[in-house]
There are 2 protein chains.
Amino acid sequence: MKTIRVGNIFDQNCPARTVLDRVGDKWSVMVLIVLAEQKRLRFTQLKDHINGVTPKVLTQSLRAMERDGLINRHIYAEVPPRVEYDLTKLGKSLLKAVSTLASWSEDNVSEIMKARAKYDRGSAG
Amino acid sequence: MKTIRVGNIFDQNCPARTVLDRVGDKWSVMVLIVLAEQKRLRFTQLKDHINGVTPKVLTQSLRAMERDGLINRHIYAEVPPRVEYDLTKLGKSLLKAVSTLASWSEDNVSEIMKARAKYDRGSAG
DNA sequence: CGGAATCCATTATGATACTG
DNA sequence: CAGTATCATAATGGATTCCG
């Protein structure tokens with residue numbers, strides 16, 4: 001536990017795994033971003049902002065994120081029903097951490113692409 | 001493009017997606033960590049360090065990582081054959097970025113768990 | 001030894017339709 | 001409107017076996 005602070009990722013209930021899994025989920029990250037930009041959205045608005053997501057899958061991500069305390073779900077007992085989502089402090093904090101990684105990506109994507117081209121040249125072409 | 005630097009993650013060939021997908025892969029992150037600690041390992045050593053991975057899946061991760069320029073694959077034309085892996089500069093750099101996220105996880109996991117307990121109490125119990 | 005090939009189980013993802 | 005239920009399919013994950 002001295003070199004890098006990554007710890008026991010091999011353990012099933014490792015903290016890092018929890019987060020890495022969520023970050024690896026395409027839709028969750030999109031929800032994070034959209035909510036950061038739009039502050040507060042209803043289910044359908046969210047769905048419209050996130051191109052191509054189906055209600056089922058969106059619901060799954062939303063539920064998981066709510067469970068982890070990343071977003072709030074505000075229910076209004078009206079008819080037709082209204083439900084709004086927004087980020088919690090924790091959610092905003094996570095987005096910041098993720099955007100660090102996104103920055104790394106942008107800084108290094110050209111090198112990655114270069115490596116891929118080289119690899120593919122060697123294997124196939 | 002002003003608030004947070006995340007960009008066009010909705011685009012299929014978005015840089016961030018590339019990296020996020022890789023980071024979301026359990027085994028790749030483990031390979032990153034193990035190689036950071038052990039510097040250079042043979043295929044079987046790697047497999048032994050990473051508990052529970054099968055050769056097929058390990059090979060897949062290794063190939064993908066090699067293709068992205070994250071690891072080097074050194075082949076020795078001996079018999080029995082010997083192949084060794086180590087991190088490239090890019091791979092080390094990525095691990096650093098990932099460990100930032102891991103730190104975030106450790107800092108916030110208790111809050112996440114608290115949120116989960118609360119959520120589960122409300123839903124089921 | 002380092003994988004490639006094969007096969008199977010499980011899960012993830014999605015389209016579609018329906019309901020409180 | 002905000003989901004849930006159902007069904008179909010695809011993509012992984014993994015066990016196992018075999019080969020250069």
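Side chains included, hydrogens not; waters and symmetry mates left out as well; all remaining heavy atoms used. Letters go in sequence order (proteins before strands), and every chain restarts at 1. Owing to the predicted nature of the structure, the values given are computational and were not obtained by experimental measurement.
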Considering every strand and a 4.0 Å limit on heavy-atom distances, what is the contact class for Tyr85(A): base, sugar-phosphate, or nothing?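 Here Tyr85(A) touches the backbone only, sparing every base.
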
Could you check whether Lys47(B) gets within reach of a base, just the sugar-phosphate, or nothing at all, counting any heavy atom under 4.0 Å?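 No contact at all - Lys47(B) keeps every heavy atom at 4.0 Å or more from the nucleic acid.
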
Quick one: pull up [atom1] in [X] and [atom2] in [Y] and give me the separation to the nearest 0.5 Å.
X         : Y        : atom1 : atom2 : value
Glu106(A) : Thr18(B) : CD    : OG1   : 11.0 Å
Glu84(B)  : Gln45(B) : CD    : CD    : 7.5 Å
His74(B)  : Asp86(B) : NE2   : CG    : 3.5 Å
Ile71(A)  : Arg67(A) : CD1   : CZ    : 13.0 Å

Quick one: is [N] close enough that its OP1 or OP2 comes under 4.0 Å of any side-chain N or O from [X]?
X        : N      : result
Arg63(B) : dG3(C) : yes
Arg42(B) : dC1(C) : no
Thr59(A) : dG3(D) : no
Arg82(A) : dA2(D) : no
Thr44(A) : dC1(D) : no

Given [options], which nucleotide is nearest the side-chain atoms of [X]?
X        : options                   : result
Phe43(B) : dG3(C), dG14(C), dG20(C)  : dG3(C)
Val57(A) : dG3(C), dT13(C), dA2(D)   : dT13(C)
Thr54(B) : dA15(D), dG14(C), dT16(D) : dA15(D)
Val83(B) : dG2(C), dG14(C), dT4(D)   : dG2(C)

Side-chain heavy-atom pair Lys56(A), Gln60(A) within 4.5 angstrom cut-off: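 Side-chain contact under 4.5 Å: yes.
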
Which is more 5' along DNA chain D, the nucleotide nearest Pro80(A) or the one nearest Lys56(A)? Just name the residue.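 Nearer the 5' end of the strand: Pro80(A).
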
Starting from the 5' end of DNA chain D, give me the residue, Gln60(B) or Arg73(A), whose nearest nucleotide shows up first.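 The residue whose closest nucleotide sits nearer the 5' end is Arg73(A).
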
What bend angle does the helix from dC1(C)-dG20(D) to dG20(C)-dC1(D) show across its length, from five-pair end axes and to the nearest 10 degrees?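 For the helix from dC1(C)-dG20(D) to dG20(C)-dC1(D), the axes at opposite ends meet at about 50°.
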
Tell me the interatomic distance from Trp27(B), atom CH2, to dG13(D), atom P, rounded to whole angstroms.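 One finds 9 Å between P of dG13(D) and CH2 of Trp27(B), rounded.
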
Is there a side-chain contact (heavy atoms from CB on, under 4.5 Å) between Leu90(B) and Asp68(B) once you walk through the steps? CA-CA 9 Å; Leu90(B) 192 63; Asp68(B) 285 356; over 6 Å; no

For the pair Arg17(B) and Asp21(B), evaluate salt bridge (charged side-chain N to carboxylate O under 4.0 Å, His left out) and give the outcome as yes or no after the intermediate values. CA-CA 6 Å; Arg17(B) 265 269 61 81; Asp21(B) 285 346; 3.2 Å; yes

